[in-house]
2 protein chains.
Amino acid sequence: MSKCEQCIVRKFNSLKSLTKDELVRISGCKTSKFIKKGEVIFDEGETLNGVYCIKDGICKLSKLSANGRDQIVKLVIKGDLLGQRSLVVDESANLSAVALNDMEVCFIPKQEIMNDLQKNPEFSLDVLQQMAYDLRESDDVIVNMAQKSVKQRLAEILIYIHDHFGVDADNYFNVLLSREDYANVVGTATESAIRILSQFKKEGLISTSGKHIRIEDMEALQRVE
Amino acid sequence: MSKCEQCIVRKFNSLKSLTKDELVRISGCKTSKFIKKGEVIFDEGETLNGVYCIKDGICKLSKLSANGRDQIVKLVIKGDLLGQRSLVVDESANLSAVALNDMEVCFIPKQEIMNDLQKNPEFSLDVLQQMAYDLRESDDVIVNMAQKSVKQRLAEILIYIHDHFGVDADNYFNVLLSREDYANVVGTATESAIRILSQFKKEGLISTSGKHIRIEDMEALQRVE
DNA sequence: ATTAAAACCTGACAAATATCATATTTTAAA
DNA sequence: TTTAAAATATGATATTTGTCAGGTTTTAAT
């Protein structure tokens with residue numbers, strides 16, 4: 001099994017603040033998992049016994065609303081950590097994590113992380129900073145949800161996905177979301193999301209090929225009101 | 001000036017994890033401020049040179065949206081800390097803080113807090129836990145904003161204010177919000193908030209006396225769809 | 001106490017969004 | 001390959017919410 005000390009992925013998350021010794025120890029007790037597209041990593045309400053370090057792939061974090069609809073709160077990519085929040089406050093998971101494509105993740109047991117959190121102030125501060133950053137992002141999402149139209153939110157998520165997850169050789173998004181996923185990100189009915197994407201297509205803002213989406217006119221997309 | 005070691009308020013926030021020595025040191029460099037209803041504690045974009053510990057009063061944290069409307073993200077009360085997030089990630093304030101009634105706050109300079117964050121793992125973990133808790137709350141707000149109707153959100157904020165900030169002898173809310181504030185919490189037009197409050201009144205869910213609001217039928221309010 | 005400003009309220013209408021129905025296309029299983 | 005299921009698409013219509021316009025009441029300053 002590969003070793004944490006040599007893993008590039010950790011450079012993108014709080015694990016970068018661990019010492020070499022700590023990394024070796026974690027490497028010794030981590031387990032690696034392959035997760036197929038559509039599989040659940042963990043479910044809302046589940047007790048998490050550790051954190052997941054995403055080595056490859058993308059997943060969605062969502063929560064079931066009282067009306068029966070899933071709300072996608074965040075998209076998480078290679079390099080990110082999953083489950084630190086629940087671990088820190090010792091609560092069950094508040095969100096479900098589902099793979100959007102095939103993934104490889106490393107599971108690090110709770111005790112290892114908690115141990116380092118208590119003993120390595122640099123690591124602890126790094127986790128704190130990541131959480132502070134997430135908190136600002138969440139606050140911004142609240143404002144967008146409350147104040148912007150569905151069309152605007154959809155335009156923005158398209159730009160977000162383009163900028164954060166990149167595109168392939170033909171400029172199509174690397175992340176494949178269903179129309180229902182798009183609806184669940186912006187918080188609208190699936191039909192509404194489909195309708196607006198069709199409209200964007202007609203207006204030349206995007207083009208599609210099946211589920212694949214490509215931005216054709218970024219500036220116009222940014223101007224959407 | 002009163003001393004942090006003897007202040008009851010700190011028991012409700014992360015400062016409770018500081019040692020006696022640390023508290024004495026902080027007490028020596030803190031400044032106390034009285035802030036009148038409506039006054040700004042800090043503004044979005046402002047650089048914060050420390051954190052505010054709320055000794056008395058309530059304030060709103062809000063962010064100006066691109067459409068010119070204010071979105072209230074959080075209501076903050078006696079005992080809470082303001083500004084830790086910005087301090088931890090060394091960013092300017094993401095939200096504005098405005099007093100909803102007369103307040104007393106203590107300002108603690110940045111360096112004191114950062115020093116303790118680096119040297120006292122217990123304090124650092126406590127701040128981390130508070131932030132993890134806030135993050136869950138924010139995620140829940142996102143889901144509510146995205147999936148619930150304005151009427152439901154308004155009913156819920158009434159229940160939230162009742163439960164978190166309490167009522168006076170006549171069962172009226174301790175917090176006085178304008179109709180515009182209510183609109184800015186649930187993310188709707190002021191007229192819509194007014195209309196729905198009127199409807200709640202007609203249906204006997206609440207009663208009002210000027211700005212003062214009292215819940216008359218909690219169960220019916222919880223059932224609002 | 002008077003008065004101007006702000007806050008509150010309501011109606012009429014417009015715009016945005018949800019819902020339901022149904023057709024078409026794509027996907028995946030047998 | 002065939003076929004059933006799922007995803008996508010679009011129209012018609014209902015519901016929710018926003019906007020504008022005009023009132024009344026409350027608040028605060030003189």
Side-chain angles (χ1 to χ4, degrees), chain A residues 36-39 60 65-71 98 100-102 144-158 172-173 176-203 206-213 224-225, chain B residues 36-39 60 65-71 98 100-102 144-157 172 176-203 206-213 224-225:
Chain A
K36 284 204 181 131
K37 177 179 171 177
E39 271 184 20
K60 58 179 176 182
S65 173
N67 64 8
R69 266 218 281 260
D70 242 6
Q71 175 64 34
V98 176
L100 287 174
N101 48 29
D102 292 349
N144 283 342
M145 283 294 177
Q147 301 287 348
K148 294 186 177 170
S149 69
V150 171
K151 204 191 289 186
Q152 257 180 305
R153 269 138 60 196
L154 193 43
E156 284 181 10
I157 191 66
L158 290 173
Y172 286 112
F173 291 173
L176 273 191
L177 291 181
S178 69
R179 301 295 194 259
E180 191 182 4
D181 282 332
Y182 278 107
N184 291 347
V185 170
V186 301
T188 191
T190 306
E191 296 96 321
S192 297
I194 290 174
R195 227 181 286 272
I196 293 171
L197 286 176
S198 298
Q199 191 195 336
F200 284 171
K201 225 158 60 174
K202 263 185 211 142
E203 294 169 346
I206 62 173
S207 62
T208 66
S209 161
K211 275 201 210 323
H212 296 267
I213 295 180
V224 165
E225 296 215 343
Chain B
K36 285 206 181 130
K37 178 179 170 179
E39 271 183 21
K60 59 179 175 183
S65 171
N67 64 10
R69 265 218 281 262
D70 243 6
Q71 176 63 36
V98 176
L100 287 174
N101 49 28
D102 291 350
N144 284 341
M145 283 293 176
Q147 300 287 349
K148 293 186 177 170
S149 69
V150 172
K151 204 191 288 184
Q152 257 180 304
R153 270 140 56 197
L154 193 43
E156 284 181 9
I157 192 66
Y172 286 111
L176 273 190
L177 292 181
S178 68
R179 300 296 194 258
E180 191 181 4
D181 282 331
Y182 277 107
N184 290 347
V185 170
V186 299
T188 190
T190 306
E191 296 95 322
S192 297
I194 290 174
R195 227 181 288 271
I196 293 171
L197 286 175
S198 298
Q199 192 194 335
F200 284 171
K201 226 158 60 173
K202 263 186 211 141
E203 294 169 347
I206 62 173
S207 63
T208 65
S209 162
K211 275 200 209 325
H212 296 267
I213 295 181
V224 164
E225 297 217 343

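Every value quoted in this text rests on a predicted model; they were computed, and no experiment measured them. As a basis for the values below, the full set of heavy atoms in this structure was taken, side chains included, without hydrogen atoms, waters or symmetry mates. So that the names make sense, note that chain A is the first sequence line, chain B the second, and so on, each numbered from 1.
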Of all the heavy-atom pairs spanning B:Ser209 and B:Tyr172, show the shortest one and how long it is. CB-OH, 3.5 Å
Among B:Thr190, B:Ile194, B:Asp70, exactly one meets side chain to side chain contact (heavy atoms under 4.5 Å, CB included) together with B:Glu180. Which residue is that? B:Thr190
As a check of understanding: the bend across the helix from C:dA1-D:dT30 to C:dA30-D:dT1, end axes from five pairs, rounded to 10 degrees, works out to 50°
Between the main-chain N or O of A:Val185 and the side-chain N or O of A:Gln71, is there a donor-acceptor pair closer than 3.5 Å? yes
Protein-proximity profile, nucleotides 3-11 of chain C, B/S/- by nucleotide at the 4.0 Å heavy-atom cutoff, equals ----SSBBB
On a heavy-atom basis, which atom in B:Arg153 and which in B:Asn144 lie closest, and how many Å separate them? CD-O, 3.5 Å
Closest approach of B:Asn184 and B:Arg69, non-hydrogen atoms and distance? OD1-CD, 4.3 Å
Minimum-distance pair of heavy atoms, taken over all atoms of A:Phe173 and A:Leu158: CZ-O, 3.4 Å
In whole angstroms, the gap separating P of C:dT26 from CG of A:Leu176 amounts to 15 Å
Which pair of non-hydrogen atoms, one from B:Lys201 and one from B:Ser207, has the smallest distance, and what is that distance? CG-CA, 4.2 Å
How many Å lie between NZ on A:Lys151 and C1' on C:dA18, as a whole number? 16 Å
A:Asp102 side chain to A:Lys36 backbone, donor-acceptor under 3.5 Å: no
Whole Å only: how far is the CD1 atom of A:Ile196 from the C1' atom of C:dA15? 13 Å
Are the side chain of A:Ser149 and the backbone N or O of A:Gln152 linked by a donor-acceptor pair below 3.5 Å? yes
Heavy-atom pair with the smallest gap, counting every atom of B:Ala193 and B:Arg179: CB-O, 4.0 Å
Boundaries of the DNA chain D segment in contact with chain B, non-hydrogen, under 4.0 Å: D:dT17 to D:dC20
Which is more 5' along DNA chain D, the nucleotide nearest B:Lys37 or the one nearest B:Gly187? Just name the residue. B:Gly187
